[in-house]
Amino acid sequence: MTDRLTQVRLQKLDRIRKEGLDPYPARASRSHTSIAAAEAFEAAAKDEEVRVTVAGRLRSIREMGRTAFVHIEDNDGRLQLYLREDELGLDKFDLFLEAFDLGDFIQAEGEMFRTRTGEVTVRVESFLMLSKAIYPLPAVKEEVVNDEIVIHSAFDNPEARYRERYADLAVNPEIRDVFRTRARIIDALRQYLNNLGFLEVETPVLQTIYGGAAAEPFVTHHNQLHRDLYLRISFELYLKRLLVGGFERVYEIGKDFRNEGVDRIHQPEFTQLEFYMAYADYRVVMDVTEDMITYTVEEVLGGTQFEYQGQTIDVTPPWGRIELRAAIAEQTGIDYAEHKSEKALRKAILKAGIEAPEEASRGKLIEHLLDHHVVPEIIQPTFLYDYPRDISPLVKANPDNPESVERFEGFVAGMEICNAFTELNDPLEQEQRFLEMGRTYEEDDVNRHPLDEDYLRAMRYGMPPNGGFGMGIDRLTMLLTDRPFIREVILFPHLRAKEY
RNA sequence: GGGGGCGUAGCUCAGUCGGUAGAGCAUCGGCCUUUUAAGCCGCUGGUCGGAGGUUCGAGUCCUCCCGCCCUCACCA
């Protein structure tokens, strides 16, 4: 694209070259970041000279006759520079005004002082272009009113922001903060698990048989092997093979891929944490979950309470613990234990004036009640436990009640954030469950699982009893950054390809 | 996939009943040596998402297509 704005900047690029300067020099130097420079000035004695070399991107230029005030922005924040013709000389000063634009990266050296309005500023004695910007960044203006930053003409067209996330990040500092927080969340989770003796591992993204969740996979193809492969929909079956191998505590943080609809809390590519813990059951995993998330929230936010979309969330243990059956009964008046068959339960649901999906198993009906009538009501951190067996093929049955399995999910702010269970480690029962699954789903159901013979083989060598856990990192990040949409916490969310 | 909404200058947005396409900021030119949404004066800048249609005349009405948003469905 060579529109007029771009043409002007290309001419400026030439102008810089004609001055004998490289608009993209290989080397930069800086003695202080913006914050370090301001701190050094504040710490210095009254008459002491504080000389700095700073670097950053030009974010504002206020030309005032033979002087100019500009702000540069670096990773730490913003710093004001003051340029004067009598300080720089006519040629240099003109070069700056005529060839430097918003968005350019520059380097400047000078002595620090405080302006009449009290702002710590660098009086520039020399400057360099570090990188000339050819396209103008979206024109965002900021104003400080009563210590609050008011943004004018924000760059907030969603399509443009996600397509050009780099521009979004460049002009919206709060978006950069979202991803700094995201990194700290992952860091805290790692610390927590490492401290408990967990081993971080990596398992295949390309799988010959997908499993561990009910989801439609992405299919790809390996040319040399002449076979289709699937992008993983979960890590579960590989991580549990590692327990067979003798590791007692393993976890993985990585991407899962599900070829399904995109909405407020779903993206086809998302980040998951799963861990497996030998000799633990789902009760232990519940305790660990509470503790791990509390630790993470404290590390990242400095406390156990935070605001999410206008509601105060408190993760301080103990979290609510309610049997799934009781939670559904409370919200809908339906006790599914009284309706043992799919038919009977469907009848009860319709009688209660609630919609029931067509062609759903009894477990699917229960799940529908959970998703639509219980989950939206759960604001404070809560575990629901003991799930129907037919929607949980990898979970060990509850010894007191063979109808239910030892599984729980954690919910916060109307969102499911984790799913965990006492893992089924009986190879014969697992095989039986897989076969049951094959019957539950129709032949052409995309969620019907191919039977993973190799996983059964692994189990036959002996798998220690263990508790497993999975959590969506993106959703946790949504909570801790107060973002209502999952695409806000994913750097490059998926959009349709645009042709240029 | 169904339903609804939207797409106008680099950015944020107006555009009435179908009658020559506008504003602020940015850009460009001028003034201004402690400004900070700096200020003042002036000038530019448009395939109105794309294609077709109705009409003397379409940003506006109709059809199809593309993209984004919301919502439903799907989603251990």
Side-chain angles (χ1 to χ4, degrees), chain A residues 1 3-9 11-12 59-71 78 80-87 93 98 101-103 113-119 121 123 135-145 149-164 167 171 211-216 233-234 236 258-268 270 355 357-358 360 363-364 366-368 370-372 387-395 405 407 409 416 418-421 437 440 445-447 449 470 485 487 493 495-499:
Chain A
M1 183 171 70
D3 62 17
R4 197 173 45 89
L5 296 173
T6 306
Q7 287 297 348
V8 167
R9 291 197 175 207
Q11 284 162 16
K12 291 177 176 185
R59 291 309 310 278
S60 69
I61 300 175
R62 289 178 300 282
E63 197 188 322
M64 280 193 51
R66 304 320 295 170
T67 71
F69 286 93
V70 309
H71 275 101
R78 291 192 179 194
Q80 184 167 257
L81 310 182
Y82 181 44
L83 296 93
R84 295 170 60 101
E85 183 191 295
D86 55 12
E87 192 97 39
F93 187 75
E98 287 165 21
D101 286 300
L102 297 178
F113 74 109
R114 193 185 298 276
T115 65
R116 193 177 288 164
T117 54
E119 183 162 349
T121 302
R123 187 187 305 266
Y135 281 1
L137 284 170
V140 176
K141 286 223 157 197
E142 290 172 14
E143 177 186 18
V144 178
V145 179
I149 295 176
V150 178
I151 295 172
H152 302 272
S153 301
F155 179 53
D156 65 0
N157 175 298
E159 183 176 358
R161 281 188 49 222
Y162 302 132
R163 280 200 197 284
E164 302 194 13
V171 302
E216 184 169 357
I233 57 174
S234 91
E236 174 153 2
R258 297 185 183 177
N259 204 342
E260 285 162 359
V262 175
D263 66 22
R264 197 176 73 81
I265 54 172
H266 293 90
Q267 274 275 316
F270 63 101
E355 276 181 58
E358 310 266 325
K364 287 279 180 193
I366 292 168
E367 196 170 44
H368 183 265
L370 167 64
D371 290 344
H372 291 84
Y387 276 59
R389 175 188 159 102
D390 74 291
I391 55 169
S392 312
L394 300 164
V395 189
V405 295
R407 171 178 168 194
E409 293 185 304
E416 178 201 330
C418 65
N419 178 27
F421 31 90
M437 286 295 290
T440 305
D445 189 325
V446 292
N447 293 322
H449 279 216
F485 303 104
R487 59 175 180 271
L495 300 176
R496 281 188 176 75
K498 187 174 178 176
E499 299 197 5

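Order of the sequence lines sets the chain letters (A, B, ...), proteins ahead of strands, with each chain counted from 1.
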Using the [atom1] atom in both, what is the distance from [N] to [M], to the nearest Å?
N: rC6(B); M: rU60(B); atom1: C1'; answer: 15 Å
N: rC72(B); M: rA51(B); atom1: P; answer: 35 Å
N: rG39(B); M: rC25(B); atom1: C1'; answer: 15 Å
N: rA14(B); M: rG30(B); atom1: C1'; answer: 30 Å
N: rG50(B); M: rG67(B); atom1: C1'; answer: 11 Å
N: rG42(B); M: rG4(B); atom1: C1'; answer: 46 Å
N: rC28(B); M: rC43(B); atom1: C1'; answer: 7 Å
N: rA9(B); M: rC13(B); atom1: C1'; answer: 11 Å

Send over the distance from [X] [atom1] to [N] [atom2], rounded to a whole Å.
X: Leu83(A); N: rU33(B); atom1: CG; atom2: P; answer: 15 Å
X: Leu370(A); N: rA76(B); atom1: CG; atom2: C1'; answer: 10 Å
X: Ile233(A); N: rC75(B); atom1: CD1; atom2: P; answer: 13 Å
X: Arg487(A); N: rC68(B); atom1: CZ; atom2: P; answer: 11 Å
X: His266(A); N: rG1(B); atom1: NE2; atom2: C1'; answer: 17 Å
X: Phe69(A); N: rA37(B); atom1: CZ; atom2: P; answer: 13 Å
X: Arg123(A); N: rU35(B); atom1: CZ; atom2: P; answer: 13 Å
X: Glu164(A); N: rU12(B); atom1: CD; atom2: P; answer: 11 Å

Given [options], the nucleotide with the shortest approach to the side chain of [X]:
X: Ala214(A); options: rA26(B), rC75(B), rA73(B); result: rC75(B)
X: Thr115(A); options: rC69(B), rU12(B), rU34(B); result: rU34(B)
X: Lys364(A); options: rC28(B), rC13(B), rA76(B); result: rA76(B)
X: Arg116(A); options: rC68(B), rC13(B), rU35(B); result: rU35(B)
X: Arg163(A); options: rC68(B), rC74(B), rU27(B); result: rC68(B)
X: Tyr162(A); options: rC11(B), rC69(B), rA76(B); result: rC69(B)
X: Glu416(A); options: rC28(B), rA76(B), rG67(B); result: rA76(B)
X: Glu159(A); options: rU12(B), rC68(B), rU34(B); result: rC68(B)
X: Lys12(A); options: rC13(B), rU27(B), rU35(B); result: rU27(B)

Under 3.5 Å donor-acceptor pair, [X] side-chain atoms to [N] base atoms:
X: Thr67(A); N: rU34(B); value: no
X: Asp86(A); N: rU33(B); value: yes
X: Glu63(A); N: rC32(B); value: yes
X: Arg62(A); N: rU35(B); value: yes
X: Gln80(A); N: rU35(B); value: yes

Complementary nucleotide for [N] - Watson-Crick or wobble, under 3.5 Å:
N: rU35(B); answer: none
N: rC74(B); answer: none
N: rA14(B); answer: none
N: rC68(B); answer: rG5(B)
N: rU47(B); answer: none

Using a cut-off of 4.0 Å on non-hydrogen atoms, how would the nucleic acid contact of [X] be classed: base, sugar-phosphate, or nothing?
X: Arg258(A); value: nothing
X: Ser60(A); value: nothing
X: Glu367(A); value: sugar-phosphate
X: Phe485(A); value: sugar-phosphate
X: His368(A); value: nothing
X: Tyr82(A); value: base
X: Asp371(A); value: nothing
X: Glu409(A); value: sugar-phosphate

Can you name the residues that form a side-chain hydrogen bond (donor to acceptor under 3.5 Å, both in side chains) with Arg258(A), not counting sequence neighbours? none
The criterion is side-chain hydrogen bond (donor to acceptor under 3.5 Å, both in side chains); which residues satisfy it with Glu416(A), sequence neighbours excluded?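 Once residues adjacent in sequence are excluded, Glu416(A) has no partner under the side-chain hydrogen bond (donor to acceptor under 3.5 Å, both in side chains) criterion.
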With distance as the sole criterion, is a donor-acceptor pair present between the side chains of His266(A) and Asp263(A) under 3.5 Å? yes
Checking side-chain polar atoms at under 3.5 Å, does Glu87(A) have a donor or acceptor matched by the opposite partner on Tyr82(A)? no
For Ser392(A) and Val405(A), indicate whether the former's side chain and the latter's backbone hold a donor-acceptor pair under 3.5 Å. no
Not counting sequence neighbours, which residues clear ring-ring contact (aromatic ring centres under 6.0 Å, His included) with Phe485(A)? List them please.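 Phe485(A) satisfies ring-ring contact (aromatic ring centres under 6.0 Å, His included) with no residue once adjacent residues are dropped.
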Regarding Arg123(A) and the six-membered ring of Phe113(A), is the cationic atom NZ or CZ under 6.0 Å from the ring centre and inside 45° of its axis? yes
Full working for salt bridge (Lys or Arg N to Asp or Glu O under 4.0 Å) between Asp101(A) and Arg9(A): CA-CA 8 Å; Asp101(A) 286 300; Arg9(A) 291 197 175 207; 3.8 Å; yes
Among all residues two or more places apart in sequence or in another chain, which pass the salt bridge (Lys or Arg N to Asp or Glu O under 4.0 Å) test with Arg66(A)? Glu85(A), Asp94(A)
Check side chain to side chain contact (heavy atoms under 4.5 Å, CB included) between Ser60(A) and all other residues, then give those that pass, not counting sequence neighbours. Arg62(A), His71(A)
Pairwise N/O distances under 3.5 Å, protein to nucleotides 41-51 of chain B:
from	atom 1	to	atom 2	distance (Å)
rU44(B)	O2	Arg4(A)	NH2	3.1

Toward the 5' end of RNA chain B, which comes first, Arg84(A) or Leu102(A), by nearest nucleotide?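 Nearest nucleotide further toward 5': that of Leu102(A).
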Toward the 5' end of RNA chain B, which comes first, Phe421(A) or Glu119(A), by nearest nucleotide? Glu119(A)
When rounded to the nearest 0.5 angstrom, what is the spacing between CD1 in Ile61(A) and CZ in Phe69(A)?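 Result: 14.0 Å between the selected atoms.
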